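Notes follow once the structure below has been shown.
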Amino acid sequence: MRRLKDKVAVITGGSKGIGKATAEALAREGCHVVLAARHEEELKKTAREISRLNVTVLTFKADVRKWKEVESLAARVQEKMGTPQILINNAGIGRFGEVTSMNEEDFRATLETNLFGVFYCSKAFLPGMIQNQEGHIVNISSLAGKNSFPGGSAYCASKHGLIAFAECLMLEVRHHNIKVSTICPGTVQTEFSSQTKDKSWAVTAEDVGQAVIDVLTTSAGSLISMVDLRPLHPPKR
């Protein structure tokens, strides 16, 4: 039995990597998916692949760093699909470097994508969820939001902030029958973490997608607010 059948899920950063794997996992559960990302051609390619799973797939070009584009995205989804039951805040970037050499634009872009983007998307889609007294927001953070490292000031700060934001949001909306969950993966086998040469030991994008399904399908009266998703056999130090 597919427990999420016919629900509507919006996935930011949905054209590749974790977003694509999550969309595929949701589609296999019978979810209709809305993919949002900045690159239209990648969106269309992913949509063609997922549509083979016999669900509705819509794509919208949108930059989560820009409130007006997110606001427009929410309005278009409402028009085409109604209020979504699921929002996956997955869009994210990583810009790395020591503070003394970090470019201002890179620092700002990281915070605006990884933190402001989650705020914008949550703010845009929550009114419909609150009205319907139903919804689940899943945020893709990172263990880097808990474990700092040299050169990670922008990325770690953005993911640490996301964890705090999500916890506050969870406390605000759970009485509206809306769940908020945050998944914190370690290193994932995607292009994003290409600075790691050998990633065969790492968590896969499909692992993250399965974790999303797991938190979405808990019992109606409970929620999983935080998940640390770690590789089983990381390199020994």
Side-chain angles (χ1 to χ4, degrees), residues 11-22 36-43 46 61-70 88-123 138-169 182-209 211-212 226-231 233-237:
I11 305 146
T12 66
S15 62
K16 59 185 179 180
I18 291 173
K20 178 182 178 181
T22 299
R38 290 180 295 165
H39 303 292
E40 199 163 12
E41 288 306 313
E42 290 180 351
L43 279 171
T46 299
K61 183 180 178 182
D63 186 342
V64 299
R65 296 176 296 180
K66 300 176 181 179
W67 165 245
K68 289 297 182 183
E69 291 192 22
V70 173
I88 312 296
N89 283 315
N90 167 71
I93 63 171
R95 306 285 171 81
F96 302 96
E98 293 187 0
V99 171
T100 53
S101 60
M102 171 67 69
N103 182 288
E104 291 178 15
E105 286 72 23
D106 286 343
F107 194 92
R108 182 178 295 108
T110 304
L111 270 291
E112 288 181 347
T113 304
N114 299 356
L115 184 54
F116 279 69
V118 174
F119 164 65
Y120 291 153
C121 290
S122 300
K123 181 178 174 67
V138 180
N139 305 296
I140 307 301
S141 185
S142 171
L143 287 178
K146 301 181 178 185
N147 306 315
S148 301
F149 56 88
S153 60
Y155 187 71
C156 292
S158 70
K159 293 301 187 178
H160 183 79
L162 170 52
I163 290 170
F165 170 82
E167 185 170 353
C168 292
L169 181 62
T182 302
I183 298 176
C184 298
T187 302
V188 183
Q189 296 181 36
T190 63
E191 296 174 3
F192 182 90
S193 56
S194 58
Q195 69 270 20
T196 305
K197 292 181 180 179
D198 177 16
K199 297 179 288 184
S200 60
W201 52 269
V203 170
T204 67
E206 289 73 22
D207 292 331
V208 182
V212 171
M226 181 77 65
V227 173
D228 288 357
L229 188 64
R230 303 173 184 272
H233 300 292
K236 293 183 178 180
R237 296 182 179 179

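These numbers come from a predicted model, not from an experiment. Note: hydrogens, waters and symmetry copies are ignored here, and every other heavy atom, side chains too, is used.
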Closest approach of Ala37 and Gly14, non-hydrogen atoms and distance? CB-N, 4.2 Å

So, are Arg108 and Asp106 salt-bridged, with charged N and O less than 4.0 Å apart? no

NZ of Lys123: more than 12 outside heavy atoms within 6.0 angstrom? no

Could you tell me whether Glu104 atom CD has more than 12 heavy atoms of other residues or ligands within 6.0 Å of it? no

Just by distance, do the side chain of Gln189 and the backbone of Ala202 share a donor-acceptor pair under 3.5 Å? yes

Working to the nearest 0.5 angstrom, can you tell me the gap between Glu206 CD and Thr22 OG1? 9.0 Å

Any side-chain heavy-atom pair of Cys184 and Ile163 under 4.5 Å: yes

Point-to-point distance, once rounded to the nearest 0.5 Å, from OG of Ser153 to CZ of Phe107: 5.0 Å

Flag side-chain contact, heavy atom, 4.5 Å: Ile18 against Val188: yes

Got a donor-acceptor contact below 3.5 angstrom from the Ser141 side chain to the Thr182 backbone? no

Distance in Å, Thr46 OG1 paired with Lys20 NZ, rounded so as to fall on 0.5 Å steps: 5.0 Å

Which atom names give the shortest non-hydrogen contact between Gly13 and Ala91, and what distance separates them? N-CB, 3.7 Å

If only atom types and distance count, is the side chain of Glu112 paired as donor or acceptor with the main-chain N or O of Arg65 below 3.5 Å? no

How far apart are the closest heavy atoms of Val64 and Cys121, and which atoms are they? CG1-SG, 3.9 Å

Do the side chains of Asn89 and Ser122 get nearer than 4.5 Å, heavy atoms only? yes

Hey, are the side chains of Trp201 and His233 touching, using non-hydrogen atoms and a 4.5 Å cut-off? no

From CG (Leu169) to CG (Asn139), nearest 0.5 Å: 7.5 Å

Sidechain-backbone polar pair: Ser158 side chain, Tyr155 backbone, donor-acceptor under 3.5 Å: yes

Give a yes or no on whether the backbone of Leu43 and the side-chain of Ser15 come within a donor-acceptor separation of less than 3.5 Å. no

Taking C-beta and beyond as the side chain, do Trp67 and Phe119 meet within less than 4.5 Å on heavy atoms? no

Out of Ile88, Ile11, Val227, which residue meets the side chain to side chain contact (heavy atoms under 4.5 Å, CB included) rule with Val212? Ile88

So Leu162 and Asn114, do their side chains get closer than 4.5 Å, heavy atoms only? no

Nearest heavy-atom contact between Lys61 and Arg38 is CE-O, 3.1 Å

Taking the side chain as everything from C-beta on, heavy atoms only, tell me whether Ile183 gets closer than 4.5 Å to Met226. no

Is a donor on one side and an acceptor on the other found under 3.5 Å between the side chain of Asn90 and the backbone of Ile140? no

Could you pull out the closest heavy-atom pair between Leu229 and Ala211, with the gap in Å? CD2-CB, 4.2 Å

Counting heavy atoms not belonging to Phe165, are there more than 12 under 6.0 Å from its CZ? yes

Does Ser101 use its side chain to pair, donor to acceptor, with the backbone of Gly97 at less than 3.5 Å? no

Residues Phe149 and Ala144: closest non-hydrogen pair is CE2-CB, 3.9 Å

Interatomic distance, Asn147 atom CG to Lys159 atom NZ [nearest 0.5 angstrom]: 14.0 Å

